[in-house]
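What you see below is based on every heavy atom in this structure, not just the backbone, and it leaves out hydrogens, waters and symmetry mates.
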Amino acid sequence: MNSKLFQQIRILDPVSNTDRIADVLIIDSKIAAVETQISEFPTKTEIQNSHGLILGPGLVDLYSHSGEPGFEERETIESLIQAATAGGFTRLAILPDTFPPVDNPAGLARLQNLAKNYASTPIIYYWGAITQGLQGEQMTELGELATTGVVGFADGLPLQNLGLLRRILEYLKPLNKPLALCCNNSRLAGKGVMREGYDSIRLGLPGVPTMAETSALAAVLELVDAIGTPVHIMRVSTARSVELIRVAKNRGLPITASTTWMHLLLDTQAMEGKSPFETEFFPYDTNLRLEPPLGNSSDRLALVQGIKDGVLDAIAIEHAPFCYEEKTVTFYEAPPGTIGLEIALPLLWQNFVQTGKLSALDLWRVLSTAPSKCLGLSPGEVRPQKSAEVTLFGPQETWVVEKQTLKSRSINTPWLGKQIQGRVLEV
């Protein structure tokens with residue numbers, strides 16, 4: 001029998017809307033008791049004075065990228081699992097953009113077999129591709145994939161063919177699987193690499209207009225309204241998108257939505273080396289090249305408000321590893337994406353909870369129980385008789401983000417070499 005007692009730990013449980021100090025006893029990976037003070041426990045129980053520490057349901061990432069198979073130099077399944085564990089994630093959903101992509105049962109089986117060789121935490125879920133080869137031209141065998149264990153369907157790329165999207169929504173309606181869509185009109189976006197506005201003009205980088213996202217989003221919402229298939233909107237990045245989603249939800253459309261942690265923390269000013277939270281970056285840092293691009297300051301503030309109001313249901317990490325050589329190019333040429341599994345919680349906590357911009361319970365909700373619901377999964381809880389799928393977080397722990405301290409194979413993050421406060425201690 002393995003047992004552990006956390007004494008006087010701060011419990012964050014979004015399901016019961018609980019934020020309190022109590023003792024928590026865990027026996028054989030199950031929560032045995034949660035009480036103001038626990039005095040009876042097995043004789044060989046490991047006792048930990050947990051003053052100042054936080055215990056909450058395990059974090060859940062809606063969508064991230066795996067290098068393996070195809071790009072093992074960026075990330076393997078093993079290193080991805082280690083990075084997720086180090087960041088406090090007990091559930092991780094992987095997008096299908098491996099090589100080859102997960103657009104058929106054999107591709108899914110390949111990934112499932114790779115993950116079987118490693119620890120059972122985090123639990124790995126797989127998005128199945130919507131279209132063959134992620135090309136946006138012909139739908140996959142959605143019904144067949146739905147029976148083989150995919151958590152839902154997502155290409156991770158915008159679908160430009162609205163006629164095809166209509167057929168996909170009609171086909172998926174009876175399958176009861178989440179469908180995640182990102183919205184971007186490629187013709188309007190053109191060759192832009194940052195959000196269009198004053199900063200893009202001053203920096204001399206081609207801009208992506210807000211309407212590239214919002215026009216595509218408006219079309220998706222019209223289809224959802226007509227057909228009724230539930231949809232998750234990925235990568236929301238503009239203030240106008242938040243407003244469109246707010247109106248759609250008020251009308252009762254069956255949608256959920258998420259933004260990424262980077263779009264909450266940073267905006268276009270980071271491209272000049274500045275940030276809203278007094279962190280200095282390198283100008284034109286290719287680790288700030290994202291898709292969609294970072295918004296203007298008004299976009300970032302609207303996204304934060306959307307999280308507060310519940311218009312945006314969840315925060316996604318979208319961990320996207322790239323090799324040093326891939327990112328050591330001009331900003332225009334760099335592939336979009338950054339790692340984040342290991343540093344998202346500390347940075348969000350430090351910059352939102354400690355500054356009073358978000359409550360601790362609200363942040364934990366959009367990183368844990370809300371993403372589970374978006375995936376159609378039962379959320380974790382911190383209460384007796386429940387599985388001890390929990391994350392132990394030390395908000396006062398400090399550490400430096402370096403290659404030696406990261407579990408990921410890649411180091412493409414603008415926080416490389418910087419000291420941050422807050423660290424996951426255990427899952």
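- The pair Lys274-Asp199 does not meet the salt-bridge criterion, since no charged nitrogen lies less than 4.0 angstrom from a carboxylate oxygen.
- Applying the salt bridge (Lys or Arg N to Asp or Glu O under 4.0 Å) definition to pairs two or more places apart or across chains, those involving residues 7-25 are Arg10-Asp19.
- Within the 4.5 Å cutoff, the side chain of Cys182 has heavy atoms near those of the Arg235 side chain.
- The salt bridge (Lys or Arg N to Asp or Glu O under 4.0 Å) search around Arg74 returns Glu326, not counting sequence neighbours.
- Ion pair Arg246/Glu243 flagged as a salt bridge, since at least one NZ, NE, NH1 or NH2 atom sits closer than 4.0 Å to an Asp/Glu carboxylate oxygen.
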Expected list for residues 41-48: side-chain donor-acceptor pairs under 3.5 angstrom, two or more places apart:
from, atom 1, to, atom 2, distance (Å)
Thr45, OG1, Ser3, OG, 2.7
Thr45, OG1, Pro42, O, 2.7
Gln48, OE1, Lys4, NZ, 3.3

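- One distance of note links CZ of Phe71 with CZ of Arg409; it measures 14.5 Å at 0.5 Å rounding.
- For the pair Leu312/Ile307, a side-chain contact is recorded, criterion being any heavy-atom separation below 4.5 Å from C-beta on.
- Partners of Asp97 according to the side-chain contact (heavy atoms from CB on, under 4.5 Å) rule, which considers only residues two or more places apart in sequence or in another chain, are His65, Leu95, Leu134.
- Counting only residues at least two apart or in different chains, side chain to side chain donor-acceptor pair (under 3.5 Å) contacts with residues 84-94 comprise Thr90-Glu389, Arg91-Ser372, Arg91-Glu389.
- Checked by atom type, the side-chain pair Ser237/Arg195 shows a donor-acceptor distance below 3.5 Å.
- With a 4.5 Å cut-off on side-chain heavy atoms, Leu347 and Trp415 count as touching.
- With values rounded to the nearest 0.5 angstrom, Phe322 atom CZ is found 10.0 Å from Thr338 atom OG1.
- For residues 213-228, the pairs satisfying salt bridge (Lys or Arg N to Asp or Glu O under 4.0 Å) are Asp225-Arg251, with sequence neighbours left out.
- Once rounded to the nearest 0.5 Å, the distance linking CD of Glu72 with CD1 of Ile77 reads 9.0 Å.
- Each of Leu348, Leu367, Asp61 was checked for a side chain to side chain contact (heavy atoms under 4.5 Å, CB included) with Trp261, and the lone residue meeting it is Leu348.
- Contact check for Arg423 versus Thr405: side-chain heavy atoms found under the 4.5 Å cut-off.
- The shortest distance between side-chain heavy atoms of Pro292 and His263 falls below 4.5 Å.
- At a threshold of 4.5 Å between non-hydrogen side-chain atoms, the residues Phe153 and Ile168 do not count as touching.
- In this structure, Trp364 and Ile54 have side chains that are in contact, with non-hydrogen atoms separated by less than 4.5 Å.
- By the ring pair (Phe, Tyr, Trp, His ring centres under 6.0 Å) test, Phe282 pairs with no residue at all, sequence neighbours left out.
- Asn176 is linked by a side-chain contact (heavy atoms from CB on, under 4.5 Å) to nothing, counting only residues two or more places apart in sequence or in another chain.
- Legend: salt bridge (Lys or Arg N to Asp or Glu O under 4.0 Å) pairs involving residues 122-132, not counting sequence neighbours: none detected.
- Residues Pro321 and Ser410 share a closest heavy-atom pair of CB-OG, 3.4 Å.
- Residue Gln269 holds its CD atom at 6.0 Å from OG of Ser297, rounded to the nearest 0.5 Å.
- Sequence neighbours left out, the pairs with a member in residues 353-374 that pass salt bridge (Lys or Arg N to Asp or Glu O under 4.0 Å) are Asp362-Arg365.
- Residues passing the side-chain contact (heavy atoms from CB on, under 4.5 Å) test with Glu280: none are found, sequence neighbours excluded.
- Under the 3.5 Å distance criterion, with hydrogens and angles disregarded, a donor-acceptor pair is assigned to the side chains of Thr131 and Asp155.
- The two atoms that bring Val242 and Gly306 nearest to each other are CG1-CA, 4.2 Å, heavy atoms only.
- Between Leu392 and Ile9 there is a side-chain heavy-atom pair separated by less than 4.5 Å.
- At least one donor-acceptor pair under 3.5 Å links the side chain of Lys327 to the backbone N or O of Pro335.
- Although no hydrogens or angles enter the test, the distance criterion places a donor-acceptor pair under 3.5 Å between the side chain of Thr140 and the main chain of Ala129.
- Legend: residues meeting ring pair (Phe, Tyr, Trp, His ring centres under 6.0 Å) with Phe393, ordered by chain and number and at least two apart, are Trp349.
- The CG atom of Leu53 lies 12.0 Å from the CD atom of Gln7; values are rounded to the nearest 0.5 Å.
- Using modelled atom types, one finds a donor on one side chain and an acceptor on the other under 3.5 Å when comparing Ser408 with Glu75.
- Taken to the nearest 0.5 Å, the CG atom of Leu92 stands 11.0 Å off from the CG atom of Leu59.
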